[in-house]
Chemist: 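Here it is, the structure in full.
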Amino acid sequence: MEQVDYDDSTFETFFSNPPAELAFDQLDLNRIPRHISCIMDGNGRWATARGLNRGEGHKAGIVALREIITACVRLGVDVLSAYAFSTENWKRPKQEVNLLMHLFAQTFVDELPLLKRENVRVVFLGDISALPKRTRDVFEFGLNETAHHTGMVLALAVNYGARAELTRAARLLAEDVAAGRLTSEHIDEQAVAGKLYTAGLPDPELIIRTSGELRLSNYLLWQAAYSEFYITSTYWPDFNRWELIDAILAFQGRDRRFGGLSKGREA
Ligand code: FPP
């Protein structure tokens with residue numbers, strides 16, 4: 001796997017030489033989204049377009065994720081989440097599923113030093129107990145090794161589906177009621193949010209989807225209630241720090257109303 005030696009860079013060196021067409025000097029570092037989420041789509045098409053097998057696309061996707069993790073750390077993002085494997089992805093050919101599980105484990109082993117050096121705390125969204133033993137073991141090791149970190153949270157959605165997450169939350173709340181720990185009148189939005197995999201994390205302010213698809217694909221249905229979306233036709237392996245900046249610039253240009261009136265339309 002390609003290893004790019006930029007991890008020790010500062011913000012200035014990491015973001016030096018922006019492309020001329022990018023309005024990098026317009027970036028407001030005081031308004032960086034707290035939580036950025038990526039639906040990493042298009043690895044397969046990226047590979048096919050190059051006459052490679054899909055596995056090569058996933059490997060290139062991991063290199064891209066590494067760059068985005070570093071970029072988000074340098075930008076001071078609190079939470080970066082990424083949709084790596086959905087509850088529906090088990091329907092893919094067995095060979096591709098096996099390769100992905102192998103790559104997840106290998107990537108985690110390879111990247112743990114980076115995550116430690118950058119003070120990143122890893123959490124998983126989804127049911128990782130259903131993963132093959134080696135992948136699960138490596139993930140659990142990584143969870144423990146980074147649990148005390150105080151920097152950015154990297155939330156990896158693996159075996160994640162928003163409907164499954166909400167169903168699980170309903171079940172957990174029902175169990176609390178049955179056990180007398182909670183009464184049904186106390187089930188409010190906060191109680192539901194507290195039973196999601198994202199409990200304790202801010203909702204994503206910006207959701208980026210690559211490869212041009214215009215859907216949420218069962219991702220963070222609850223948490224995305226007020227998220228801003230940035231869709232790019234770029235395939236995930238080609239998504240880089242500059243396109244991330246472009247997405248943040250688009251976010252900073254939006255008028256976020258949360259159901260209220262836009263600025264200038266208040267009475
Ligand atoms: C979507 O492309 C991508 C995936 C299903 C996997 C993405 C995973 C990573 C980049 C690595 C994550 C790393 C860890 C450690 C969890 P696709 O196969 O749907 O592409 P296509 O739509 O072009 O077929």
Side-chain angles (χ1 to χ4, degrees), residues 1-4 36-72 79-116 118 120-128 130-132 134-143 145-146 152-161 197 207-219 231-240 243-244:
M1 195 178 306
E2 183 195 342
Q3 292 288 314
V4 187
I36 297 178
S37 197
C38 297
I39 302 180
M40 309 180 289
D41 200 7
N43 291 349
R45 278 164 286 167
W46 180 92
T48 306
R50 284 162 179 73
L52 302 169
N53 65 49
R54 294 176 56 83
E56 294 304 318
H58 295 313
K59 287 183 194 166
I62 288 168
V63 176
L65 178 59
R66 190 171 195 264
E67 176 165 336
I68 298 307
I69 292 171
T70 311
C72 285
V79 183
L80 169 67
S81 53
Y83 204 4
F85 192 88
S86 75
T87 44
E88 290 71 39
N89 284 154
W90 296 108
K91 290 184 228 152
R92 292 191 176 199
K94 200 170 170 358
Q95 200 191 3
E96 183 171 343
V97 171
N98 288 345
L99 177 79
L100 276 168
M101 291 299 150
H102 168 74
L103 279 178
F104 290 165
Q106 194 54 48
T107 306
F108 221 71
V109 170
D110 292 344
E111 303 304 342
L112 201 52
L114 165 84
L115 301 174
K116 285 182 161 188
E118 298 290 355
V120 170
R121 179 163 67 92
V122 178
V123 299
F124 288 97
L125 313 179
D127 179 12
I128 62 166
L131 303 181
R134 173 163 153 75
T135 308
R136 195 174 67 225
D137 287 351
V138 170
F139 280 2
E140 279 168 0
F141 181 73
L143 270 179
E145 289 284 298
T146 67
M152 186 178 81
V153 173
L154 174 64
L156 294 170
V158 182
N159 193 23
Y160 174 85
Y197 291 116
I207 297 182
I208 296 167
R209 182 164 190 155
T210 55
S211 94
E213 309 294 349
L214 302 173
R215 10 172 221 280
L216 208 40
S217 300
N218 200 16
Y219 186 56
I231 311 284
T232 172
S233 56
T234 303
Y235 293 146
W236 176 255
D238 288 330
F239 191 79
N240 61 21
E243 195 152 356
L244 175 70

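All of these numbers come straight from a predicted model, not from anything done at the bench. We count ligands from 1, going down the list as the structure has it; atoms in each ligand are counted the same way.
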Chemist: Measuring from atom 4 (C) of ligand 1, which candidate in Gly142, Gly61, Ala84 has the nearest non-hydrogen atom?
Modeler: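 Looking at heavy atoms only, Ala84 sits closest to atom 4 (C) of ligand 1.
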Chemist: Contact between Asn89 and Tyr83 at the side-chain level, heavy atoms closer than 4.5 Å - yes or no?
Modeler: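 Not touching, per the 4.5 Å side-chain cut-off.
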Chemist: To check you understand the geometry: which heavy-atom pair defines the closest contact between Val109 and Pro113, and what is its length?
Modeler: O-CD, 3.7 Å
Chemist: With atoms numbered from 1 as shown, which atoms in ligand 1 lie under 4.0 angstrom from a non-hydrogen atom of Ile62?
Modeler: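 Once the distances to Ile62 are compared, the set is 10 (C), 11 (C).
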Chemist: Does ligand 1 come near enough to Arg92 that some N or O of the ligand is less than 3.5 Å from an N or O of the residue?
Modeler: yes
Chemist: As a check for students: among Trp236, Tyr235, Phe139, Phe104, identify the option with a heavy atom nearest to atom 12 (C) of ligand 1.
Modeler: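 Heavy atom nearest to atom 12 (C) of ligand 1 belongs to Phe104.
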Chemist: Output yes when the distance from some N or O of ligand 1 to some N or O of Asn43 is under 3.5 Å, and no in every other case.
Modeler: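 In this structure, Asn43 places an N or O atom under 3.5 Å from an N or O of ligand 1.
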Chemist: Looking at ligand 1, does any of its N/O atoms fall within less than 3.5 Å of an N/O of Arg45?
Modeler: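 So ligand 1 has an N or O lying under 3.5 Å from an N or O of Arg45.
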Chemist: What's the shortest heavy-atom distance between Arg54 and Ala47, and which atoms?
Modeler: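 Shortest heavy-atom separation between Arg54 and Ala47 comes out as CA-CB, 4.0 Å.
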Chemist: Does ligand 1 have any atom that is closer than 4.0 Å to a heavy atom of Gly42?
Modeler: yes
Chemist: For Asn159 and Asp127, indicate whether the former's side chain and the latter's backbone hold a donor-acceptor pair under 3.5 Å.
Modeler: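 Checked: pair present.
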Chemist: Between Ser211 (side chain) and Tyr235 (backbone), is there a donor-acceptor pair under 3.5 Å?
Modeler: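 No, because the side chain of Ser211 does not come within donor-acceptor range (under 3.5 Å) of the backbone of Tyr235.
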Chemist: Which pair of non-hydrogen atoms, one from Met40 and one from Ala84, has the smallest distance, and what is that distance?
Modeler: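 Met40 and Ala84 have their closest heavy atoms at CE-CA, 3.7 Å.
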Chemist: If you count the non-hydrogen atoms of other residues, nucleotides and ligands that lie under 6.0 Å from CD in Glu88, is the total more than 12?
Modeler: yes
Chemist: Polar contacts were defined as any N/O atom of the residue lying under 3.5 Å from an N/O atom of the ligand; does this apply to Leu65 and ligand 1?
Modeler: no
Chemist: Going by heavy-atom distance to atom 8 (C) of ligand 1, choose the closest among Met40, Glu111, Gln106.
Modeler: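 Residue with the shortest heavy-atom distance to the ligand atom: Met40.
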Chemist: Should the ring pair Phe139 and Phe124 be called parallel, tilted or perpendicular, given that the plane angle runs from 0 to 90° and is split at 30 and 60?
Modeler: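 Aromatic pair Phe139/Phe124 classed parallel.
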Chemist: Is Trp46 in polar range of ligand 1, meaning some N or O pair under 3.5 Å apart?
Modeler: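 No: no nitrogen or oxygen of Trp46 is under 3.5 Å from one in ligand 1.
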Chemist: Please state which part of Arg54 comes within less than 4.0 Å of ligand 1, counting heavy atoms only: side chain, backbone, both or neither.
Modeler: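 Side chain only.
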